[in-house]
Amino acid sequence: LISWNSILSAYADLGHLEEATHLFEAMPERDLASWNSMLAMHIRIGDVEQGKRFFDQMPHHNLIAWNSMLSLFAQHGHLYQVLCLFYAMPLRDVVSWTVVISAQIHRRQFQEARSMFLAMPRHDLASCTAMAAACADAGDLDRFEQVLEEIRGQQEQLDLVSWNTILNGYSQLGLIDECKIIFEKMLERDLVTWNVILAAYARAGHLDDAGRVFADMAERDQVTWTALLAAYVANNMLDAAVALFDSMPQRHLYTWNAMLAGYARNGHLDQAKNLFDAMPESDIFAWNTLLGGWGAMGDVANAQSLFDSMPIRD
RNA sequence: AGUCUGGUUCUUGAGUU
């Protein structure tokens, strides 16, 4: 059963609905972990309706199943669904509370998140880390450091995620020197660590340091490339940005949007429009960027016609 | 021993503690 579940879990991680469903139905027996893996798959692919249906078909629910539903709503549903379920659940643990808090943070409801955080019966490393990230995001240094104090007082050892959160937090709070100290102190680093320190230098306007970090990195992903591109764009280094963009091994939507912003911000609306038309997909960020570019140029006609043709507006 | 849920990094603009 555990072997079956392991394979099922792998499909869930990859988001392979067909294979997972097939496997699930072919399994000689199933336990809660099997059902919960299927729920995890619905979280991954973001199918709230199917997920609900699946949940209702389950013979029993344990806390993980309830938390999975909570997480499905948190990531792909509405906040009121999260809260309704949270209060209706037969049991809650620290994970349940953390899911709710994260949902509130994602929706920028910091006050509410903080109230929940203070109300929960127990804090662990993950809940504190989520709260610390929120404080840094809100620019609240005092509360950020308060949460760090609490983390240091806990039994649980800091893990890499928490260290990365702290590093990024100081970067968001504008304390680049603190970032340097922490980065040097870190015994273990992963790709996120490197991406965070790269973005930290970029945010601080230390483009040379950002470039040096980039060159030193053993491994790079889309975030790495886009972070450096965005750094060039933010510092009006359009030529460098274009050269980097052209040399990139792969691009995702964030990358295209960053380049688009580079053109738009420098008044190169023709180039921006060409790039926009060449984009494999576009989202609200892309639309707003182009719209803002024309707006800034006083090109009301183009802005208006783009606005009228937008599939989504916010 | 090994399987299921929560926390960290990159893009536009507006708004909010």
Side-chain angles (χ1 to χ4, degrees), chain A residues 1-10 12-13 31-41 43 62-72 74-75 93-103 105 108-114 124-140 143 159-169 171-172 190-200 202-203 221-231 233-234 252-262 264-265 283-293 295-296 314:
Chain A
L1 181 57
I2 290 183
S3 323
W4 286 91
N5 282 344
S6 301
I7 301 170
L8 192 59
S9 167
D13 285 342
D31 64 2
L32 270 171
S34 330
W35 285 91
N36 287 337
S37 284
M38 289 301 286
L39 270 184
M41 135 138 329
I43 297 175
N62 62 359
L63 187 51
I64 293 182
W66 287 102
N67 285 343
S68 300
M69 274 314 283
L70 207 53
S71 179
L72 181 61
Q75 292 177 42
D93 66 359
V94 64
V95 173
S96 329
W97 285 87
T98 307
V99 172
V100 174
I101 289 172
S102 303
I105 293 170
R108 322 250 75 180
Q109 304 202 357
F110 295 131
Q111 208 74 260
E112 291 82 350
R114 193 177 145 71
D124 68 357
L125 184 58
S127 51
C128 286
T129 301
M131 201 61 230
C135 293
D137 214 21
D140 193 333
R143 285 184 175 151
D159 63 8
L160 195 46
V161 173
S162 331
W163 278 110
N164 288 339
T165 304
I166 295 170
L167 187 66
N168 188 55
S171 161
Q172 286 179 301
D190 65 2
L191 185 52
V192 173
T193 316
W194 285 94
N195 286 338
V196 170
I197 194 72
L198 171 55
R203 231 186 310 248
D221 66 1
Q222 309 244 33
V223 174
T224 317
W225 288 90
T226 307
L228 187 63
L229 180 68
V233 167
H252 61 171
L253 191 49
Y254 281 33
T255 320
W256 288 92
N257 286 343
M259 191 65 249
L260 190 64
R265 228 176 265 166
D283 65 357
I284 191 70
F285 283 76
W287 293 90
N288 284 345
T289 303
L290 197 53
L291 193 60
D314 69 353

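All values derive from a computational prediction rather than experimental measurement. Order of the sequence lines sets the chain letters (A, B, ...), proteins ahead of strands, with each chain counted from 1. Scope of the values below: all heavy atoms of this structure, side chains included, with no hydrogens, waters or symmetry mates.
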Which part of the nucleic acid does [X] contact within heavy-atom distance under 4.0 Å: base, sugar-phosphate only, or nothing?
| X | result |
| --- | --- |
| A:Ser162 | base |
| A:Ser68 | sugar-phosphate |
| A:Leu125 | base |
| A:Ala33 | base |
| A:Arg143 | nothing |
| A:Val99 | sugar-phosphate |
| A:Ala130 | sugar-phosphate |
| A:Val192 | base |
| A:Ser6 | sugar-phosphate |
| A:Asn62 | nothing |
| A:Asp159 | base |

* To do: Might you point out which heavy atoms bring A:Arg265 and A:Ala234 nearest each other, and give the distance in Å?
  => NH1-CA, 3.8 Å
* Asked: Using centres under 5.5 Å plus planes under 30 degrees as the test, is A:Phe285 stacked with B:U12?
  -> no
Restricting to salt bridge (charged side-chain N to carboxylate O under 4.0 Å, His left out), what partner residues turn up for [X], sequence neighbours left out?
| X | result |
| --- | --- |
| A:Arg143 | A:Asp140 |
| A:Asp31 | none |
| A:Asp13 | A:Arg44 |

Set of side chain to side chain contact (heavy atoms under 4.5 Å, CB included) partners for [X], sequence neighbours left out:
| X | result |
| --- | --- |
| A:Thr226 | A:His252, A:Tyr254, A:Thr255, A:Ala258 |
| A:Trp287 | A:Phe276, A:Ser282, A:Leu306, A:Ser309, A:Met310, A:Pro311 |
| A:Ile64 | A:Asn36, A:Asn62, A:Ser68 |
| A:Glu112 | A:Gln104, A:Gln109 |

Once you round to the nearest 0.5 Å, how far does [atom1] of [X] lie from [atom2] of [Y]?
| X | Y | atom1 | atom2 | result |
| --- | --- | --- | --- | --- |
| A:Leu8 | A:Asn5 | CG | CG | 6.0 Å |
| A:Ser96 | A:Leu63 | OG | CG | 5.0 Å |
| A:Leu160 | A:Thr193 | CG | OG1 | 4.5 Å |

* A:Asn195 versus A:Asp221, side-chain donor and acceptor atoms under 3.5 Å -> yes
Given atom [atom1] of [X] and atom [atom2] of [N], what is their separation to the nearest angstrom?
| X | N | atom1 | atom2 | answer |
| --- | --- | --- | --- | --- |
| A:Ile197 | B:C10 | CD1 | P | 13 Å |
| A:Ile2 | B:A1 | CD1 | P | 9 Å |
| A:Leu260 | B:G13 | CG | P | 11 Å |
| A:Met41 | B:C4 | CE | C1' | 12 Å |
| A:Asp283 | B:C10 | CG | C1' | 13 Å |
| A:Leu39 | B:U3 | CG | C1' | 15 Å |
| A:Leu1 | B:C4 | CG | C1' | 11 Å |
| A:Asp13 | B:U3 | CG | P | 11 Å |

Taking the side chain of [X] as its heavy atoms from C-beta onward, which of [options] lies nearest to it?
| X | options | value |
| --- | --- | --- |
| A:Asn36 | B:G13, B:C4, B:G6 | B:C4 |
| A:Arg265 | B:U12, B:U5, B:G6 | B:U12 |
| A:Ser71 | B:U5, B:U12, B:U3 | B:U5 |
| A:Ser37 | B:C4, B:G6, B:C10 | B:C4 |
| A:Val223 | B:C4, B:C10, B:U11 | B:C10 |
| A:Ala133 | B:U9, B:G13, B:U8 | B:U8 |
| A:Ala199 | B:G6, B:U5, B:U9 | B:U9 |

* Which sits closer to the 5' end of RNA chain B, A:Gln75 or A:Ala230, going by the nucleotide each is nearest to? -> A:Gln75
* Taking for each residue the nucleotide of RNA chain B bearing the nearest heavy atom, is the 5' side occupied by A:Asn5 or by A:Val94? -> A:Asn5
* Asked: When Watson-Crick pairs (N1 to N3 and N6-O4 or O6-N4) and G-U wobble pairs (N1-O2 and O6-N3) count only below 3.5 Å on both distances, what is the dot-bracket string of RNA chain B, with | for other-strand pairs?
  -> .................
* Asked: Any side-chain N or O of A:Arg203 under 4.0 Å from OP1/OP2 of B:U9?
  -> no
* Asked: Taking atom types as they are modelled, is there a donor-acceptor pair under 3.5 Å from the base of B:G6 to the side chain of A:Asp93?
  -> no
Atom pairs, protein N/O to nucleotides 15-17 of chain B N/O, distance under 3.5 Å:
unit_1, atom_1, unit_2, atom_2, d
B:U17, O2, A:Gln111, N, 3.4
B:U17, O4, A:Arg108, O, 2.9

